[in-house]
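Below: one structure, written as structure tokens.
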Amino acid sequence: MAKVEIIDSKKKIEDLVKKLAKQRAFVFNIEVEEKASFPVKLLGASFCFEKQKSFYVPCLKSEILNFKSIFENSKILKYGHDLKRNFEALKHAGINLDGATFDTMIAAYLLNPGAKTYKLENLIPTKFGEKITPEEELTGKGRKKINLGQVAMEKISLYSGERAEAVWRLVEVLKEELRENELLKLFENLEMPLLPVLAEMEIDGVKIDARLLKKYSKQAEKDLEKISEKIFKLTKTKFNLDSPIQLREVLFEKLKINPAGLRRGKTGISTEAGELLKLKDTHPAIDLILGYRELSKLYSTYLLALPKLIDSSTGRIHANFNQTVTATGRLSSSNPNLQNIPVRGEMGQIIRQAFVAPSGFKILAADYSHIDLRVVASLANDKNMIKAFRAGADIHRETASQIWNIPAEKVTPELRQAAKTINFGVTYGMGARALALGAGITLDEAKQFISKYFTVYEGVKNFLEETRQKAHDLGFVETLFGRRRYLPEIYSPVPQIAAEAERMAINMPVQGTAADIMKLAMIKIAVGLPKISSSSKMILQVHDELVFEVPDRDVKKVAEFVKETMAGAAKLKVPLASQIEVGKSWGKMEHLET
DNA sequence: AGACTCACG
DNA sequence: ACGTACGTGAGTCTC
């Protein structure tokens, strides 16, 4: 077991600072006490810059400042596992981490983006065949979990020092693996530069109008109560509307509604909205149940939950933007998920109106338009689709026009919608059956439709076939920038499993390339924005949309800068376009002409 | 802990 | 005749 030296005097701290100042690189890890996933207290820091030897400094916020000049020196490289957390812990103590160039969590993610977790205690055994102490062993888990702050310093020092030393060895191994798999450039030029950008977004957070949410949550409570009573009266039963099992009993056993043609889940007939909609005309309660479901969802997930996540010290919501979760390279958001805030319907607008700009500021949102389909056109090198995008055409109208051989201005809304469904479906590896369902046409019509589509967009047809082939040949697919997704299921003897893997194979290069482009745009914007408008902040990313908080008088120049930077983030065979909207809140926006 | 449902792109 | 398209996170019920 590696030795952990405890640094518990002024003299020892000074000596360690001197040693660190001489290093080309070191591993560090800040230990903090958390309360409800917020860091509340700094406990100490471990360091390592050679095998078999690490240091642990039990210290408070004030004492870590002894290391400030080291952490802020970009010439001394910093390695770690989950550096975004460490970046934030240091920022809390007044230190701006610089020179963070190797995060083993992100490296492990790029090497296998399908893994369940990237915990160090899972990673070390697979790479070195040795065990390290899991966090659980110190804090316990589940309801009995205690704070790290309640654990003895000696235990934490061994735990933290051991991890720092393991990370030091891990860096070499993972760097070589990244190189072998041609992922090193993506790691160095995209993921690592993105890390501080995400950290700043999390630290800045987004301002929430809690009063507005509280007002509408009271209203929603009353409405839910009223709807419930009506449903109970109509069904002559009082039951828990939130229980699909009870609802199933009432609808199909008590009321004897015929469930023929409805989808079945593992436990019985499905009661999801799409299925209930088919029963709309069989009973007056169905409509009310759908209304109840919709309101109840918004009430519990947003109106009720969001105010609870406002940080009392900043008055803002600080979500996590996770960099090592998705199989395709997208970000994810949690605690809360700010990437699924409602947008449709009246209540969606109300909830978005609670995402506000502080006084003197505006919310500015920039959306890539049709980025997935532009990526398809470019990756597939499809002549017709590229031409349409270069001409600045309404792509769905243009698709309809070409497929049915009619002038663009003769395309009806229905035809445009059908074309939209297939353009959309292409990126999912959609089959005729799904198209028939999605576009409301027969299976035969769908087959004909697809066949014509592939005649018009022959490049797309070939691209899809080549992508499938590549997945079979190599066992992985990749984005324009070399991000990979391994798909071992593609070799499954079970046809359904193999087919699922094929659809993933088709979707990943498209969704993933779009994600890469957005990440590049975010990095460029984060670098340039302070020079354009020093108090503007990038606060949210929703896959193809970036949201900013901008001082009133800077709106125009920020809009221009963001638009230009997003367009120039990557060089595709088609232009990258974006839409800019501005408003006092995320719910009341107006289009901005730039 | 897993199933179900549903919010988003 | 039929299981019904990609990627997420969260609230609730049930066991």
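Proteins get letters first, then strands, A, B, ... in listed order; numbering begins at 1 in each.
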(message) Is there a side-chain contact between A:Asp209 and A:Phe355 in this structure, where contact means two heavy atoms from C-beta onward sitting under 4.5 Å apart?
(response) no
(request) Could you tell me whether A:Val510 contacts a base, only the sugar-phosphate backbone, or nothing, with contacts defined as non-hydrogen atoms closer than 4.0 Å? (result) nothing
(message) Applying a 4.0 Å non-hydrogen cut-off, can you work out what A:Leu437 is touching in the nucleic acid: base, sugar-phosphate, or nothing?
(response) base
(message) On the nucleotide C:dG7, are OP1 or OP2 found under 4.0 Å from the side-chain N or O atoms that A:Arg485 carries?
(response) yes
(message) As an exercise, state the distance from CD1 of A:Ile257 to OG1 of A:Thr235, rounded to the nearest 0.5 Å.
(response) 9.5 Å
(request) Verify whether the ring centers belonging to A:Phe232 and A:Phe239 lie closer than 6.0 Å. (result) yes
(request) Could you run through nucleotides 10-15 of chain C and give me one letter per nucleotide, 5' to 3': B if any protein heavy atom sits under 4.0 Å from the base, S if only the sugar-phosphate is that close, - if neither? (result) BSSSS-
(request) Starting from P on C:dC6, measure out to CG on A:Leu487 and report it in whole angstrom. (result) 12 Å
(message) Side chains of A:Gln469 and A:Asp473: any donor to acceptor distance under 3.5 Å?
(response) yes
(message) Contact between A:Met518 and A:Leu331 at the side-chain level, heavy atoms closer than 4.5 Å - yes or no?
(response) no
(message) Please report the distance, rounded to the nearest Å, between CG in A:Leu338 and C1' in C:dT8.
(response) 13 Å
(message) Please give the distance between the P atoms of C:dT4 and B:dC4 as a whole number of Å.
(response) 11 Å
(message) I want to check something: taking the side chain as every heavy atom from C-beta on, are A:Ile106 and A:Tyr118 in contact at a cut-off of under 4.5 Å?
(response) no
(message) Please classify the nucleic acid contact of A:Gly429 as base, sugar-phosphate, or nothing, using heavy-atom distances under 4.0 Å.
(response) nothing
(message) Using a heavy-atom cut-off of 4.0 Å across all strands, would you classify A:Tyr302 as base, sugar-phosphate, or nothing?
(response) sugar-phosphate
(message) Rounding to an integer number of Å, can you tell me how far A:Ile422 CD1 sits from C:dC6 P?
(response) 16 Å
(request) Give a yes or no on whether the ring-centroid distance for A:Tyr453 and A:Phe449 is below 6.0 angstrom. (result) no
(message) Taking ring-ring contact (aromatic ring centres under 6.0 Å, His included) as the definition, give me every residue that meets it alongside A:Phe321, ordered by chain and number, with sequence neighbours left out.
(response) none
Just distance, no hydrogens or angles: give the donor-acceptor pairs under 3.5 Å from side chains in residues 277-284 of chain A, sequence neighbours left out.
residue	atom	partner	partner atom	Å
A:Lys278	NZ	A:Glu275	OE1	3.0
A:Lys278	NZ	A:Glu275	OE2	3.4
A:Thr282	OG1	A:Leu279	O	2.7
A:His283	ND1	A:Ala285	N	3.0

(message) Once pairs are restricted to Watson-Crick or G-U wobble with both distances under 3.5 Å, how does DNA chain C read as a dot-bracket string, [ ] for crossings and | for other-strand pairs?
(response) .....|||||||||.
(request) Calculate the interatomic distance between A:Ile269 atom CD1 and C:dG3 atom P; express it in whole Å. (result) 13 Å
(request) I would like to know whether A:Arg468 and A:Glu465 meet salt bridge (Lys or Arg N to Asp or Glu O under 4.0 Å); could you show each step before the answer? (result) CA-CA 5 Å; A:Arg468 268 190 207 98; A:Glu465 199 35 61; 3.2 Å; yes
(message) What is the distance, to the nearest angstrom, from the CD1 atom on A:Ile450 to the P atom on C:dT4?
(response) 18 Å
(request) Tell me, please, the opening and closing nucleotides of DNA chain B, 5' to 3', among those with an atom under 4.0 angstrom from a non-hydrogen atom of chain A. (result) B:dA3 to B:dG9
(request) Run through A:Asn423, A:Asn384, A:Thr399 and flag the one making a side-chain hydrogen bond (donor to acceptor under 3.5 Å, both in side chains) with A:Tyr457. (result) A:Thr399
(request) Give the C-alpha distance, both sets of side-chain angles, the deciding distance and a yes or no for side chain to side chain contact (heavy atoms under 4.5 Å, CB included) between A:Glu581 and A:Leu592. (result) CA-CA 5 Å; A:Glu581 302 207 297; A:Leu592 186 81; over 6 Å; no
(message) Heavy-atom nearest nucleotide on DNA chain C for A:Arg263 versus A:Thr328: which residue maps closer to 5'?
(response) A:Arg263
(request) Name the residue closer to the 5' end of DNA chain C, choosing between A:Gly261 and A:His543 according to the nucleotide with the nearest heavy atom. (result) A:Gly261
(message) Counting the atoms with a prime plus P, OP1 and OP2 as sugar-phosphate, which does A:Ala436 contact under 4.0 Å by heavy atoms, base, sugar-phosphate, or nothing?
(response) nothing
(request) Report yes if at least one side-chain N or O of A:Arg330 is closer than 4.0 Å to OP1 or OP2 of C:dT8; otherwise report no. (result) no
(message) Measure CG/A:Leu306 against P/C:dG9 and give the value in whole Å, please.
(response) 16 Å
(request) May I ask you to say what A:Gln511 touches in the nucleic acid, namely base, sugar-phosphate or nothing, with a heavy-atom cut-off under 4.0 Å? (result) base
(message) Can you pull out every ring-ring contact (aromatic ring centres under 6.0 Å, His included) where at least one residue sits in residues 460-480 of chain A? Sequence neighbours excluded, please.
(response) A:Phe476-A:Tyr486
(request) Let me know the distance between CD of A:Glu500 and C1' of C:dC6, rounded to the nearest Å. (result) 12 Å
(request) Please state how far atom OH in A:Tyr428 lies from atom P in C:dG7, giving the value in whole angstrom units. (result) 10 Å
